[in-house]
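What follows is a single structure, written as structure tokens, with notes after it.
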Amino acid sequence: MVLIDDNSRVLGIGQAMPQFELPAAGGGTVSSNRGDPVLAIVFTCNRCPDAQAYADRLIALAHELGPRGAQLILISSNDPTDHPDDSYEQMGVRAREKAFPFPYAFDESQEVAKAFGALCTPHCFVF
């Protein structure tokens, strides 16, 4: 996760979603410009025990709410140099193993996490 300092702030309720286009695990890209009526952005990663504990809950939520128009995008902003289990390649492995019904995007520069003010994993923003 990104290093948050005293000048960082998390998006407030009612603020616009920061725009992004990121590579998705398994290929392709994912964009914030999707037109979904409800979109949840979840900052997560492979190695964090809390993120691991929430994966099945997020999958169940996606299956329950997807037919009603609510979609999820997971984003990992961890530095794979420090955490090899969070590499883009390992994200693809995890997405396949868990059969993620949503995109799992890689924020290599950490700019998207900074724009949202993501503080931990998992950290969820709903638009």
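Between Phe125 and His123, the angle of the ring planes stays under 30°, which puts this pair in the parallel group of the 30/60° scheme. Between Phe116 and Phe127, the ring-plane angle classifies as perpendicular under the 30° and 60° cut-offs.
Closest of all the heavy-atom pairs between Pro23 and Tyr88 is CB-CE1, 4.1 Å. Between Asp107 and Ser77, the closest heavy-atom pair is OD2-OG, 2.8 Å. In plain terms, the two heavy atoms of Val126 and Cys124 that are nearest each other are CG2-SG, 4.0 Å. Across all non-hydrogen atoms, the minimal contact from Pro101 to Ala62 is CG-CB, 3.8 Å.
Once rounded to the nearest 0.5 Å, the distance linking OG1 of Thr121 with CG of Leu74 reads 10.5 Å. To the nearest 0.5 Å, the span separating CE on Met91 from CG on Asp85 amounts to 12.5 Å. The CD1 atom of Ile75 sits 13.0 Å away from atom SG of Cys45, with the distance rounded to the nearest 0.5 Å. Taken to the nearest 0.5 Å, the OG atom of Ser109 stands 7.5 Å off from the NZ atom of Lys114. In this structure, CG in Leu72 is found 8.0 Å from CG in Leu65, a value given to the nearest 0.5 Å. Taking CG of Leu22 as the reference point, atom OG1 of Thr29 lies at 8.5 Å (rounded to 0.5 Å).
Proximity of a side-chain donor or acceptor of Gln71 to a complementary backbone N or O of Ala40 within less than 3.5 Å is not detected. Not one N or O on the side chain of Gln110 forms a donor-acceptor pair closer than 3.5 Å with the backbone of Glu108. Distance alone, capped at 3.5 Å, is enough to place a donor-acceptor pair between the Ser32 side chain and the Phe20 backbone. Although no hydrogens or angles enter the test, the distance criterion places no donor-acceptor pair under 3.5 Å between the side chain of Asp86 and the main chain of Ser76. Without hydrogens or angle criteria, Arg94 side chain to Gln90 main chain gives no donor-acceptor distance under 3.5 Å. Of the possible polar contacts, none joining the Asp36 side chain to the Ala70 backbone as a donor-acceptor pair under 3.5 Å is found.
Looking only at side-chain heavy atoms (C-beta outward), Gln52 and Pro122 stay at 4.5 Å or farther from each other.
In the hydrophobic cluster analysis, where Ile, Leu, Val, Met, Phe, Trp and Tyr join through side-chain heavy atoms closer than 4.5 angstrom, Val42 is grouped together with Phe100. Criterion: ILVMFWY side-chain heavy atoms under 4.5 Å apart, direct or through other members. Under it, Tyr104 and Ile59 are part of a common hydrophobic cluster. Hydrophobic clustering (side-chain heavy atoms under 4.5 Å, transitive across Ile, Leu, Val, Met, Phe, Trp, Tyr) groups Ile41 together with Leu11. Val112 and Met17 fall within a single hydrophobic cluster, where Ile, Leu, Val, Met, Phe, Trp and Tyr are joined by side-chain heavy atoms under 4.5 Å apart, directly or via other members.
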* **Derivation and outcome, side-chain contact (heavy atoms from CB on, under 4.5 Å), residues Val30 and Glu21** => CA-CA 6 Å; Val30 63; Glu21 185 168 338; over 6 Å; no
